Amino acid sequence: MQRILVTGGAGFIGSNFIQYMINTYKEVEIVNLDKLTYAGNLNNLRSVERDDRYSFFQGDIADRQLVNEILCCKKFDTIVNFAAETHVDRSINRPDDFLKTDIFGTFALLEAARQSDIKRYLQISTDEVYGSISEGSFSEDSSLTPSSPYSASKGGGDLLCLAYYKTYGLPTIITRAANNYGPFQYPEKIVPLFITNALEDQPLPLYGDGSQVREWLHVEDHCRALDAVLQNGRPGEIYNIGGYCEEKNRVIAETIVDLLKKPRELITYVDDRPGHDVRYSIDSGKVKSLGWQPQISLEEGLSKTVAWYKKNRKWWQEIKNTEYKNYYKTQYGRRLAHAKA
Ligand code: NAD
Ligand code: DAU
């Protein structure tokens, strides 16, 4: 039996990963440590919550005593750290928790891991640490030029992981994934925000001129890549995970309204994000050499995702009735009032 500590497993990617691992492997036991911030949602894990191989523990990765106790009491083979503050706009409004969780929380986990004899520590990071690139793609050796407090704090966590490998020999591996989309994504990120707003005939607030480009990766392809890295990745290494499909935000917005047969007039151009990165693009050749490749095209993935949000209204409507309301008003109220149609 392989025992894995997953942190941040009640969020979007973490919950998809737990479901993937439990459904793919019989001999796996997962403990999910999650603080349940606004983004953590136990409804994401209903399909596995009764499985004997899964258990949940509410707590903060930055709580050193707690993390030490968890790692002392149970012997884990692997730690997969998804826990983070993850939304760029929130990091621009209030960076504090980003530094606490993404840097200090990573430090607390690494320190506890150093006292245990884990075989793998996998840090789930992001292509945003490289910043924007106008042409070509970033490789794992590219320098870090983060633009937002979010990407800077994720870069800080990555550097700590590299240092713990070099100095203490802790078997850390870093993955840097592109923009994920799919089921259970909190509707603050562009894909679920635009789908759910369109379903409610609300405006789709597109920043700037909508020409920014992101590389899109379906969350199931991301989970398969993480599995490949856990099995065949080498400690001390970094692996980019991209979806091999770059697209402009404007096209993403148009595709969503078209799939839902809603009028394109819902797309509303609003004030840009400060420090907005123009284009993300990564070279994922290294993770491909581990035998992985994406299986879901952007066209298929968006269509499946739209269908999921149509079918799971209750899931996202519950979220939209919580703190989300205030967040939405702060983030978009003034922007939408001044919007250029
Ligand atoms: P998310 O915001 O949906 O979920 C984050 C989870 O972490 C939540 O369940 C939250 O409760 C938990 N959490 C936050 N602070 C915590 C703390 N101090 N202690 C314990 N738990 C805490 O995030 P996501 O989109 O699933 O992203 C997961 C990871 O993947 C993050 O590290 C993120 O940087 C990285 N990533 C995300 C994307 C993407 O497109 N979403 C792309 C590349 C990398
Ligand atoms: O690249 C990986 C990263 O992708 C992850 O590390 C982050 O956790 C994740 O949030 C995501 O960051 P982005 O900033 O790229 O994602 P977001 O969905 O916030 O925005 C995607 C693009 O859409 C970006 O160019 C900004 C634009 N956008 C976003 C929102 C929320 C809009 O035009 N309007 C919006 O309302």
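Quick caveat, the model's predicted, so the values are computed rather than measured. All ligand and atom numbering here is 1-based and tracks the order in the structure.
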Checking contacts here: is it the side chain or the backbone of [X] that comes within 4.0 Å of ligand 2, counting heavy atoms only? Could be both or neither.
| X | result |
| --- | --- |
| Arg214 | side chain |
| Val270 | neither |
| Asn179 | both |
| Leu206 | both |
| Asn249 | side chain |

Quick one: look up the protein heavy atom nearest atom 5 (C) of ligand 2 and list residue, atom name and how far away it is.
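Answer for atom 5 (C) of ligand 2: Tyr150 OH, 3.5 Å.
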Nearest neighbour of [atom] from the list [options], on a heavy-atom basis:
| atom | options | value |
| --- | --- | --- |
| atom 24 (C) of ligand 2 | Glu215, His276, Gln212, Arg279 | His276 |
| atom 19 (O) of ligand 2 | Arg273, Arg90, Glu85 | Arg273 |
| atom 28 (N) of ligand 2 | Tyr181, Tyr269, Tyr207, Tyr186 | Tyr207 |

What class does the angle between the rings of Tyr181 and Trp216 fall in, given that below 30° is parallel, 30 to 60° is tilted and above 60° is perpendicular?
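Geometry flag for Trp216 against Tyr181: perpendicular rings.
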Enumerate the pairs of nitrogen or oxygen atoms, one from ligand 1 and one from the protein, separated by less than 3.5 angstrom; state names and distance to 0.1 Å.
residue  : atom   : partner : partner atom : Å
ligand 1 : 2 (O)  : Thr86   : OG1          : 2.7
ligand 1 : 3 (O)  : Phe12   : N            : 3.0
ligand 1 : 9 (O)  : Gly11   : N            : 2.9
ligand 1 : 9 (O)  : Asp34   : OD1          : 3.3
ligand 1 : 9 (O)  : Asp34   : OD2          : 2.6
ligand 1 : 11 (O) : Asp34   : OD1          : 2.6
ligand 1 : 11 (O) : Leu36   : N            : 3.4
ligand 1 : 11 (O) : Thr37   : N            : 3.0
ligand 1 : 11 (O) : Thr37   : OG1          : 3.1
ligand 1 : 18 (N) : Asp60   : OD1          : 2.8
ligand 1 : 18 (N) : Thr101  : OG1          : 3.0
ligand 1 : 19 (N) : Ile61   : N            : 3.0
ligand 1 : 21 (N) : Lys35   : N            : 3.0
ligand 1 : 26 (O) : Phe12   : N            : 3.3
ligand 1 : 26 (O) : Ile13   : N            : 2.8
ligand 1 : 32 (O) : Phe82   : O            : 3.0
ligand 1 : 32 (O) : Ile124  : O            : 3.3
ligand 1 : 32 (O) : Lys154  : NZ           : 2.7
ligand 1 : 34 (O) : Tyr150  : OH           : 2.7
ligand 1 : 34 (O) : Lys154  : NZ           : 3.1
ligand 1 : 40 (O) : Asn180  : N            : 2.9

Does a donor on one side chain sit under 3.5 Å from an acceptor on the other, for [X] and [Y]?
| X | Y | answer |
| --- | --- | --- |
| Lys35 | Thr101 | no |
| Gln331 | Asn93 | yes |
| Glu128 | Tyr280 | yes |
| Asp283 | Ser139 | no |
| Tyr207 | Asp89 | yes |

For a quick test of reading the model, state the closest non-hydrogen atom pair linking Thr268 to Leu336 and the distance between them.
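Of all heavy-atom pairs spanning Thr268 and Leu336, the closest is CG2-CD2, 4.1 Å.
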Grab the two heavy atoms, one from Glu215 and one from Ile282, that are nearest each other, plus how far apart they are.
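Looking at all heavy atoms of both residues, the closest pair is OE1-N, 2.9 Å.
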Numbering the atoms of ligand 2 from 1, which are under 4.0 Å from a heavy atom of Val88?
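Answer for ligand 2: 14 (O).
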Between CD of Glu247 and CG of Asn179, what distance do you get to the nearest 0.5 Å?
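These two atoms lie 12.5 Å from each other.
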Please indicate whether any nitrogen or oxygen in Trp216 is less than 3.5 Å from any nitrogen or oxygen in ligand 2.
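N/O-N/O distance under 3.5 Å: no.
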Polar contact flag for Ile190 and ligand 2 (N/O pairs, less than 3.5 Å)
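By distance alone, the answer is yes.
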Tell me whether Val219 is reachable from Ile124 by hopping between hydrophobic residues (I, L, V, M, F, W, Y) whose side-chain heavy atoms are closer than 4.5 Å.
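Cluster IDs for Ile124 and Val219 match.
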In terms of hydrophobic clusters joined by side-chain contacts under 4.5 Å, are Leu122 and Ile22 together?
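Per the 4.5 Å side-chain linkage, Leu122 and Ile22 are co-clustered.
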Centroid-centroid distance, His87 to Tyr150, less than 6.0 Å:
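No, too far apart.
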